[in-house]
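The figures that follow rest on heavy atoms only: side chains count, while hydrogens, waters and symmetry mates do not. From a predicted model like this one, the values you see are computed outputs, not experimental measurements.
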Amino acid sequence: MSELDFWSFVREARDRLTDAGYADPGATELLLTLNRASGIVTYDLESSIHRPAGRSWSAFRILYVLWLAGAMEPKRVAQLTGLTRAAVSNLTGGLVDDGLVCREPAPHDGRSVRLGLTPRGVEEIRTLFAAQHEREQAWAAALSPAEQHVLVTLLDKLVGARDDVAPRLRH
């Protein structure tokens, strides 16, 4: 093989898998491309916005969910962020210490807690998201609004309600 970058590797892999007789090398190409694209965008957002602000991508996701969905139990935060409950618990400690998140007893069960944003947390997530949104717009500008809609629709179809593959999800 000549000098490969990731994208030429994906094409080469598809060709070799086709030659080896695998039934659907396009499926491999699709998931390799999807995974790589997701990783590139996530790394870009984390390294250009969140790390310089002293936050991780995961901490941002917790703040974002609490900002848009309101106070909730850690289990629900884990579901909406795609993080494990243990990760939410570990990250929440630092966010509480930094004065961004508060813990309060859950109204239905005194043994449970609800997480919510403090006023300082609201201020920080608004600032972080404003910067991230500019970056999101820059990424999305490669596609027309119609193409963006089609891509979102296709990704929803790919990962939504997939009982046929019984995907393992973080809960």
Side-chain angles (χ1 to χ4, degrees), residues 4-18 22-85 87-88 91-92 95 100-101 115-117 121-171:
L4 294 175
D5 64 9
F6 179 79
W7 303 111
S8 61
F9 165 74
V10 169
R11 289 188 299 278
E12 182 72 23
R14 181 195 57 222
D15 292 346
R16 286 183 175 227
L17 292 172
T18 298
Y22 285 92
D24 191 1
T28 302
E29 180 182 24
L30 169 69
L31 293 193
L32 281 172
T33 302
L34 178 63
N35 191 1
R36 183 61 168 227
S38 175
I40 287 169
V41 172
T42 299
Y43 180 79
D44 178 65
L45 294 173
E46 183 170 41
S47 65
S48 65
I49 308 297
H50 304 298
R51 287 286 176 198
R55 300 283 165 232
S56 67
W57 175 247
S58 297
F60 167 78
R61 287 166 37 203
I62 291 171
L63 295 172
Y64 183 75
V65 163
L66 293 173
W67 179 46
L68 295 178
M72 65 184 71
E73 293 182 17
K75 175 183 175 182
R76 187 74 178 126
V77 172
Q79 290 170 338
L80 294 177
T81 59
L83 297 168
T84 64
R85 287 169 64 177
V88 169
L91 289 162
T92 299
L95 296 171
L100 305 177
V101 171
L115 303 174
L117 291 181
V122 171
E123 181 181 324
E124 180 157 327
I125 188 60
R126 283 184 173 159
T127 301
L128 286 173
F129 185 71
Q132 177 169 310
H133 190 58
E134 285 184 29
R135 200 81 178 155
E136 290 170 344
Q137 290 174 303
W139 276 102
L143 303 175
S144 71
E147 290 169 327
Q148 292 174 33
H149 177 75
V150 167
L151 181 57
V152 169
T153 301
L154 291 172
L155 290 171
D156 187 51
K157 183 177 182 179
L158 179 68
V159 298
R162 292 304 309 268
D163 293 335
D164 58 326
V165 292
R168 291 179 170 212
L169 304 172
R170 291 183 187 157
H171 291 312

According to the interplanar angle, ranging from 0 to 90°, do the rings of Trp67 and Phe129 count as parallel (below 30°), tilted (30 to 60°) or perpendicular (above 60°)? tilted

Is the closest side-chain donor-acceptor distance between Asp15 and Thr18 under 3.5 Å? no

Given 3.5 Å as the limit, does a donor-acceptor pair link the side chain of Gln148 with the main chain of Ala140, or not? yes

Got a second to check how far Ser56's OG is from Leu95's CG, nearest 0.5 Å? 7.5 Å

Test item: Leu30 and Leu158 side chains (from C-beta on) under 4.5 Å apart, heavy atoms: yes

One should read off an interatomic distance between Leu32 CG and Phe6 CZ, to the nearest 0.5 angstrom, of 5.0 Å

His50 and side chain to side chain donor-acceptor pair (under 3.5 Å): which partner among Arg61, Arg55, Gln132? Gln132

Backbone N or O of Val88 within a donor-acceptor pair of the Thr92 side chain at under 3.5 Å? yes

Can you pull the salt bridge (Lys or Arg N to Asp or Glu O under 4.0 Å) pairs that have at least one residue in residues 129-138, sequence neighbours excluded? Asp44-Arg135

Audit row: Leu83, Leu91, side-chain contact (heavy atoms from CB on, under 4.5 Å) steps and yes/no: CA-CA 10 Å; Leu83 297 168; Leu91 289 162; 4.2 Å; yes

Report the C-alpha distance between Leu34 and Leu155 in whole Å, list the side-chain angles of each, state the deciding distance to 0.1 Å, and finish with yes or no for side-chain contact (heavy atoms from CB on, under 4.5 Å). CA-CA 9 Å; Leu34 178 63; Leu155 290 171; 3.5 Å; yes

Pro52 and Ser48: which non-hydrogen atoms are nearest, and at how many Å? CG-O, 3.7 Å

Using side-chain heavy atoms (C-beta onward) and a distance below 4.5 Å, is Leu117 in contact with Leu100? no

All heavy atoms of Ala71 vs all of Gly116, minimum pair found to be CB-CA, 4.1 Å

What pairs of residues pass the side-chain hydrogen bond (donor to acceptor under 3.5 Å, both in side chains) test when at least one of them lies in residues 25-39, not counting sequence neighbours? Arg14-Glu29

